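Please read the structure below before turning to the comments.
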Amino acid sequence: MEETRLVLTKPLTIDGESNTDYAAPNPLQLVLSLFKNVMPGSDLTRLQATLGLCSQAAVWRKFQLEIWETTIVLPPLFNIPKSHLQCFGESVYCVASDIMSRCNSGESPLDRFIAVVTWSISTVRPVIFGVTPYNPILGETHHVSRGNLNVLLEQVSHHPPVSALHATDEGENVEMIWCHHLTPKFYGTSVEAELHGKRLLKLQNHGETYVMNSPKVLIRFLPFPWADWVGNVRIQCQESGLEAELCYRNTSFLGRRGNQRSINGKVFESSSLKTLYEIDGQWDRTVRMKNINNGKVTVIHNAKEVISGLRAPIVKDTREIWASESALVWSDISRGILSKNWEKAKEAKKAVEEKQRELQRERESRGENWVPKHFTVSHSKEGGWECSPIQKWVPEAPIIVPL
């Protein structure tokens, strides 16, 4: 396999750009024309054209539209040159400082809990209006290492889209398990995309498990187009009896004034509901924490130190790259986008989609059901989607993040 076949671009940073050679288009007119026949409150989960959402992962996902009986597939002009799996993974492995070690090295349960809150905030990355990552194909994977942290993602369902993440650091004895399922809905002049599923962070040296959710993505088309993270995040640790509530807001007016990308919240005791710390700031700048007892204020998150100046991952060993790797699956489309060769990108995207349809037809003809390679997956009406990793430790990856 030739290394040049893989395309790995810089992660999203606080300025919202994925690559210095890439500029997002302004698709407002197309967005409005696509949405004119969609009723307010419509569930967009099963629909077929993608636009307008790039997230962490980030949270970083997509939403889809089907207008009447016509299926609209947006051209590569509206894609950034990476998959949603890469965006999710980047929120874990692309950081300028080793926040995860701080979570594990805290002397007290409260110290560790505050470090986990800080880490949770650091996983939120900018949303770019008008463009979206590729919708991962079934079985697509993304496998990257940063130091001793090994991260593996797999697309475990395509309809509906469900992504699973497993990350481990054997040295720190830390494990992360995520399972994400997006449910976007249209509300006239906006789309709200809720990212369902739990995120588990296990500090196994301390016997602590932290359970948290993700904020929502809100995309507005009128009166001024913008997209950002909103909603409430709850972080809980049953072993220490501590909780945190975080609220993400964007109160800008016409996208120009007001408190943009703000966050506020508190850390409190689960049993007594006693507030220990108050949190406020802007997640793309600085976030502060105030000790209720003595009034001391501390900066717990500085976005410039965490998510600016990040470098693209590099390939360490091309022989170990899986055929399902995101950077390989979408490489021809990504090269077309970066070179603005839209016809080449369109043909490459069509080829990927046709191959997936062919594989689906083959499975159906043999009466086979597709099974994930790296996770066991279950679904219930009450609990939603649950993903459990098959391996205890994620192996070292052939793609690495330069330190």
Side-chain angles (χ1 to χ4, degrees), residues 1-13 15-31 33-34 48-55 57 60-65 70-90 94 125-142 144 155 158 161 225 227 310-315 318 321-359 399:
M1 181 183 301
E2 298 179 6
E3 183 173 352
T4 54
R5 290 187 61 192
L6 275 73
V7 176
L8 294 161
T9 57
K10 292 182 180 179
L12 297 173
T13 59
D15 62 4
E17 291 296 331
S18 169
N19 189 285
T20 54
D21 297 326
Y22 174 78
N26 180 6
L28 181 57
Q29 185 176 357
L30 178 58
V31 170
S33 66
L34 286 173
Q48 299 301 315
T50 305
L51 55 83
L53 177 58
C54 172
S55 69
W60 317 8
R61 290 298 288 171
K62 55 87 182 166
F63 62 91
Q64 300 178 308
L65 298 174
T70 302
T71 298
I72 300 175
V73 179
L74 292 184
L77 176 67
F78 295 92
N79 287 122
I80 65 169
K82 63 181 68 193
S83 166
H84 276 291
L85 287 190
Q86 292 171 273
C87 291
F88 280 134
E90 285 174 0
C94 278
R125 303 298 166 88
V127 180
I128 306 176
F129 179 88
V131 290
T132 175
Y134 312 122
N135 182 26
I137 63 173
L138 188 63
E140 180 179 328
T141 59
H142 186 49
V144 179
Q155 191 70 10
H158 189 63
L310 301 178
R311 300 162 63 187
I314 60 175
V315 179
T318 57
I321 297 291
W322 298 332
S324 57
E325 166 60 45
S326 295
L328 180 61
V329 170
W330 302 102
S331 59
D332 290 339
I333 302 94
S334 294
R335 278 195 294 274
I337 291 173
L338 292 171
S339 63
K340 293 183 171 55
N341 188 336
W342 304 116
E343 191 60 33
K344 175 184 176 181
K346 181 180 178 181
E347 290 301 316
K349 191 173 184 181
K350 182 179 178 181
V352 171
E353 294 165 350
E354 287 291 342
K355 182 178 180 180
Q356 293 310 300
R357 283 191 281 268
E358 181 182 349
L359 291 173
I399 299 174

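Since this is a predicted model, take the numbers as computed values, not measurements. Positions are given from 1, in the same order as the sequence printed here.
- With 3.5 Å as the limit, one finds a donor-acceptor pair spanning the side chains of Ser334 and Tyr134.
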Side chain to side chain contact (heavy atoms under 4.5 Å, CB included), that's the test. Do Leu6 and Ser331 meet it? Break it down for me. CA-CA 5 Å; Leu6 275 73; Ser331 59; 5.7 Å; no

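- Applying the side-chain contact (heavy atoms from CB on, under 4.5 Å) rule to Leu138 yields the partners His158, Arg363, Trp370; only residues at least two apart in sequence or on another chain are considered.
- For Glu354, the salt bridge (Lys or Arg N to Asp or Glu O under 4.0 Å) partners at least two apart in sequence or on another chain are Arg357.
- Here Glu325 pairs with His142 under the side-chain hydrogen bond (donor to acceptor under 3.5 Å, both in side chains) rule; sequence neighbours left out.
- Contact record, Cys94 with Arg311: SG-O, 4.4 Å, taken as the closest heavy-atom pair.
- Between the CG atom in Leu328 and the CZ atom in Arg5 there is a gap of 5.0 Å [rounded to 0.5 Å].
- The CD1 atom of Ile321 sits 9.0 Å away from the OG1 atom of Thr141 when rounded to the nearest 0.5 Å.
- Residues forming a side-chain contact (heavy atoms from CB on, under 4.5 Å) with Lys355 (at least two apart in sequence, or on another chain): Leu359.
- Among residues two or more places apart in sequence or in another chain, the side-chain contact (heavy atoms from CB on, under 4.5 Å) test is passed with Ala348 by Asp332, Ile333.
- Distance alone, capped at 3.5 Å, places no donor-acceptor pair between the Arg335 side chain and the Asn341 backbone.
- Summarising the geometry of Pro76 relative to Ile337, their closest heavy-atom pair is O-CD1, 3.7 Å, with the distance given to 0.1 Å.
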Going through the checks in order, is the side chain to side chain contact (heavy atoms under 4.5 Å, CB included) test met by Leu310 and Arg125? CA-CA 12 Å; Leu310 301 178; Arg125 303 298 166 88; 4.1 Å; yes

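- The CD1 atom of Ile314 sits 10.5 Å away from atom CD1 of Ile399, with the distance rounded to the nearest 0.5 Å.
- Between atom CD of residue Gln155 and atom OG of residue Ser326 there is a gap of 8.5 Å, rounded to the nearest 0.5 Å.
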Test Ile80 against Thr9 for side chain to side chain contact (heavy atoms under 4.5 Å, CB included), laying out the working first. CA-CA 10 Å; Ile80 65 169; Thr9 57; over 6 Å; no

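- Checking Trp330 against Gln86 by side-chain atom types alone, no donor-acceptor pair falls below 3.5 Å.
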Does the side chain to side chain contact (heavy atoms under 4.5 Å, CB included) test come out yes or no for His84 and Thr132, once each step is laid out? CA-CA 8 Å; His84 276 291; Thr132 175; 3.4 Å; yes

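- Nearest approach of Ala323 to Val329, heavy atoms of both residues: O-CG2, 3.7 Å.
- A 4.5 Å side-chain heavy-atom check between Lys344 and Trp342 finds every atom pair outside the cut-off.
- A pairwise comparison of heavy atoms in Asn79 and Pro133 identifies ND2-O, 3.6 Å as the closest pair.
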